[in-house]
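To start, the structure under review is shown below, and the notes come after it.
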Amino acid sequence: MKCRKCGNSATIELRRHNAAFCVDDYLEFFRNQVREAIRKHRMFTRDERVLVAVSGGKDSLALWDVLIDDGYDTTGLYLDLGIFDYSVESKAKCEAFAARRGARLLVSRVADEVGGPVPVIKQVTRRPPCSGCGLSKRYLMNRVALDHGLPVVATGHNLDDEAATLFGSVMHWRTEALPRQSPALASTHPKLVRRVKPLYRLSERETAAYAFLRRIDYIVEECPFAAGATSIAHKEVLNRMEDASPGAKHNFLFGFLDKARAAFERLEDVSLQECARCGQVTTSTVCAFCKLADQVKRAAGDGPPAPDR
Ligand code: Q46
Ligand code: ZN
C-alpha cells in the first residue's frame with residue numbers, strides 16, 4: 001500500500017476515501033479536513049479567541065492540538081462532571097496536555113454550579129444521567145465563554161457522533177432537533193456564543209489515528225454512563241452500514257446537511273429571553289439549568305443522597 005500523496009509506504013488506509021497515507025501526509029490530511037470545516041462554515045477567524053471544550057478523550061484533545069498548531073488563540077475548558085474515577089483521570093489528561101502545550105485551561109465543576117455531581121443529579125432527578133449532564137455542559141460552556149469574553153465554543157464532535165445524533169433524531173422524527181444539527185450554530189442572542197464542531201468531517205477512527213500518531217495521552221475509557229446511552233446503539237447500526245458500504249456515514253450526514261436541513265428550519269423564531277434568576281438565555285421565565293440546580297440543592301438540603309454506582 002502506497003501513500004496517495006508521496007508514494008512512500010502507507011501507514012493508514014481510509015476505505016471511505018479510497019486512499020492510504022504515510023504518517024506525515026495523514027497528519028496533513030487530518031489538519032486539512034479541520035481547516036476545510038473552519039473555512040466552509042466560517043467557524044472563527046485568527047483574530048477571535050476560541051474556547052475549546054475538552055473532555056480528556058481523543059477527539060477534543062486532537063482538536064485542541066490542531067488548533068494550537070495552526071496558531072489559533074485557544075483556551076481549554078474542562079467541565080468536571082464528578083463521575084467517579086472517570087472524571088479524576090480525564091481531568092488529569094487535560095491538565096497534562098495543557099501543561100505540555102503551554103496552553104491555558106479553565107476548569108469548572110458541575111458540583112459547584114448545580115449543587116451536586118452528575119451521579120447525584122441522576123439520582124435526584126430520576127432521569128437518565130446524560131439528560132442532566134448534557135444540560136449542564138451546554139449551559140456551562142456558554143456561560144464560561146461569556147464570562148471570559150470568548151465569542152465561540154468549539155467541541156470535539158466527530159462524524160460518527162454527528163451521524164449518530166442525526167440517526168437518533170430521524171428515528172424518532174424529532175423534527176425540532178434537525179435545524180440545530182449543524183457543524184456551526186450562529187449566535188441568535190447577545191448572550192449566546194457560537195457553537196462549532198471542526199471535526200465533523202472526520203470519523204472516530206480517524207481522530208483516534210491522529211491522536212495516536214501525535215502521541216496524545218488521552219483517556220481511553222468511556223464515561224461509565226455511556227454504556228446505557230441509545231447513541232451507542234445508533235453508532236453500532238451505522239458502523240455495520242459503514243462496513244457494508246464505506247462512506248455510508250458520510251453520505252448520511254453530508255446529504256442531510258446539503259439537501260435536507262434547510263427544509264426543517266423553523267419559519268417562526270422562538271422567542272428568547274433572559275432567565276429571571278441567572279440572566280442566561282431561555283425560552284421560559286426561569287431556565288432549565290436553574291430549575292435543575294434548585295431541585296438538586298433542595299434534595300441536598302434534606303441530606304444528599306449517596307450516589308449509586
Ligand atoms: S459524560 Fe455525561 Fe456523556 Fe457521561 S453522563 Fe452521558 S452525557 S455519557 S458524552
Ligand atoms: Zn437560569
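All values derive from a computational prediction rather than experimental measurement.
His250 and Phe254 have parallel rings, their planes meeting at less than 30° on a 0 to 90° scale where 60° marks the start of perpendicular.
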Problem set entry | Stepwise salt bridge (charged side-chain N to carboxylate O under 4.0 Å, His left out) test for Arg35 and Glu28 | CA-CA 10 Å; Arg35 289 170 189 145; Glu28 201 48 23; 2.9 Å; yes

Exercise. Between Ser131 and Thr125, does a side chain to side chain contact (heavy atoms under 4.5 Å, CB included) hold up when you go through it step by step?
Worked result: CA-CA 9 Å; Ser131 144; Thr125 57; 5.9 Å; no

Exercise. After noting the C-alpha distance and the side-chain angles of Lys122 and Phe225, does the key distance pass the side chain to side chain contact (heavy atoms under 4.5 Å, CB included) rule?
Worked result: CA-CA 10 Å; Lys122 164 184 174 261; Phe225 293 130; 4.0 Å; yes

Exercise. After noting the C-alpha distance and the side-chain angles of Arg101 and Asp69, does the key distance pass the salt bridge (charged side-chain N to carboxylate O under 4.0 Å, His left out) rule?
Worked result: CA-CA 10 Å; Arg101 298 298 321 246; Asp69 282 345; 2.7 Å; yes

For this session: Kindly determine whether Lys197 and Asp161 satisfy salt bridge (charged side-chain N to carboxylate O under 4.0 Å, His left out), including the steps that lead there.
Result: CA-CA 11 Å; Lys197 300 167 183 170; Asp161 298 324; over 6 Å; no

For this session: Before giving the answer on side chain to side chain contact (heavy atoms under 4.5 Å, CB included), spell out for Tyr86 and Val118 the whole-Å C-alpha distance, their side-chain angles and the decisive distance to 0.1 Å.
Result: CA-CA 12 Å; Tyr86 166 75; Val118 167; over 6 Å; no

For this session: Report the C-alpha distance between Glu265 and Arg261 in whole Å, list the side-chain angles of each, state the deciding distance to 0.1 Å, and finish with yes or no for salt bridge (charged side-chain N to carboxylate O under 4.0 Å, His left out).
Result: CA-CA 7 Å; Glu265 293 208 294; Arg261 182 177 169 274; 3.5 Å; yes

For this session: For the pair Leu51 and Leu106, evaluate side chain to side chain contact (heavy atoms under 4.5 Å, CB included) and give the outcome as yes or no after the intermediate values.
Result: CA-CA 9 Å; Leu51 188 66; Leu106 305 171; 4.2 Å; yes

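Using a 4.5 Å heavy-atom cutoff, the side chains of Val196 and Pro198 are in contact. Side-chain contact between Asn239 and Asp160: present, with at least one pair of heavy atoms (C-beta onward) separated by less than 4.5 Å. For the pair Phe289/Thr282, no side-chain contact is recorded, criterion being any heavy-atom separation below 4.5 Å from C-beta on. Side-chain contact check for Leu178 versus Leu166: some heavy-atom pair is nearer than 4.5 Å. Looking at heavy atoms from C-beta onward, Glu206 lies out of side-chain contact with Gln33 at the 4.5 angstrom threshold. In this structure, Pro117 and Val110 have side chains that are not in contact, with every pair of non-hydrogen atoms separated by 4.5 Å or more. His148 has its side chain out of reach of Leu77: every pair of non-hydrogen atoms, C-beta onward, lies at least 4.5 Å apart. For the pair Arg16/Lys249, no side-chain contact is recorded, criterion being any heavy-atom separation below 4.5 Å from C-beta on.
Under the 6.0 Å cut-off for aromatic ring centres, Phe29 and Tyr210 do not qualify, their centroids lying 6.0 Å or more apart.
His189 contributes a side-chain N or O that, together with a main-chain N or O of Lys191, makes up a donor-acceptor pair within less than 3.5 Å. Under a 3.5 Å cut-off, the side chain of Thr207 and the backbone N or O of Glu204 do form a donor-acceptor pair. A donor-acceptor contact shorter than 3.5 Å links the side chain of Ser187 to the backbone of Leu192. With hydrogens and angles disregarded, a donor-acceptor distance shorter than 3.5 Å links the side chain of Gln181 to the backbone of Glu162. Formation of a donor-acceptor pair under 3.5 Å by the Asp25 side chain with backbone atoms of Gly7 is not found in this model. For Ser169 (side chain) and Thr165 (main-chain N/O), a donor-acceptor pair under 3.5 Å exists by modelled atom type. Using a distance-only test at 3.5 Å, with no hydrogens or angles considered, a donor-acceptor pair links the side chain of Asn142 to the main chain of Val193.
Transitive grouping of hydrophobic side chains (ILVMFWY, heavy atoms separated by less than 4.5 Å) keeps Val286 and Ile121 in distinct clusters. Residues Val107 and Val54 share a single hydrophobic cluster, defined by chaining ILVMFWY side chains whose heavy atoms lie under 4.5 Å apart. No chain of hydrophobic side-chain contacts below 4.5 Å, direct or via other Ile, Leu, Val, Met, Phe, Trp or Tyr residues, connects Leu63 to Leu185. Leu202 and Phe212 fall within a single hydrophobic cluster, where Ile, Leu, Val, Met, Phe, Trp and Tyr are joined by side-chain heavy atoms under 4.5 Å apart, directly or via other members. Under the 4.5 Å side-chain contact rule for hydrophobic residues, Phe167 and Ile232 do not share a cluster.
No more than 12 heavy atoms of other residues, nucleotides or ligands sit less than 6.0 Å from atom CZ of Arg215. In Arg127, the CZ atom is not crowded: 12 or fewer heavy atoms of neighbouring residues, nucleotides or ligands sit closer than 6.0 Å. Counted within 6.0 Å of CD on Glu222, heavy atoms from surrounding residues, nucleotides or ligands total 12 or fewer; the atom is thus considered open. The local environment of CG in Asn18 is sparse, with at most 12 non-hydrogen atoms from other residues, nucleotides or ligands closer than 6.0 Å.
Scanning both residues, Tyr78 and Ser87, for their nearest heavy atoms gives OH-O, 3.0 Å. The shortest non-hydrogen separation linking Cys275 to Cys278 is SG-N, 3.4 Å. When all heavy atoms of His234 and Ala164 are compared, the pair lying nearest together is ND1-O, 3.9 Å. Closest approach of Arg39 and Glu36 over heavy atoms only: NH2-OE2, 2.9 Å. Considering all non-hydrogen atoms of both residues, Val50 and Ala154 come closest at CG1-CB, 3.9 Å. The nearest pair of heavy atoms linking Ile68 to Ala103 is CD1-CB, 4.0 Å.
In summary, Glu242 and Arg205 do not engage in a salt bridge, as defined by a charged side-chain N under 4.0 Å from a carboxylate O. Here Arg277 pairs with Asp294 in a salt bridge; the nearest charged N to carboxylate O distance falls below 4.0 Å.
Tyr200 pairs in a side-chain contact (heavy atoms from CB on, under 4.5 Å) with only one of the listed residues (Thr155, Leu257, Asn158), which is Leu257.
With values rounded to the nearest 0.5 angstrom, Ser245 atom OG is found 7.0 Å from Asn251 atom CG. Atom OG1 of Thr74 is separated from atom CZ of Phe44 by 9.0 Å, given to the nearest 0.5 angstrom. Ile38 contributes atom CD1, which lies 11.5 Å from atom CZ of Arg201 (distance to the nearest 0.5 angstrom). The CD atom of Glu113 sits 10.5 Å away from atom SG of Cys290, with the distance rounded to the nearest 0.5 Å. Atom CZ of Phe21 and atom CZ of Phe30 lie 12.5 Å apart (nearest 0.5 Å). For the atom pair SG of Cys3 and CD of Glu13, the computed distance is 12.5 Å after rounding to the nearest 0.5 Å.
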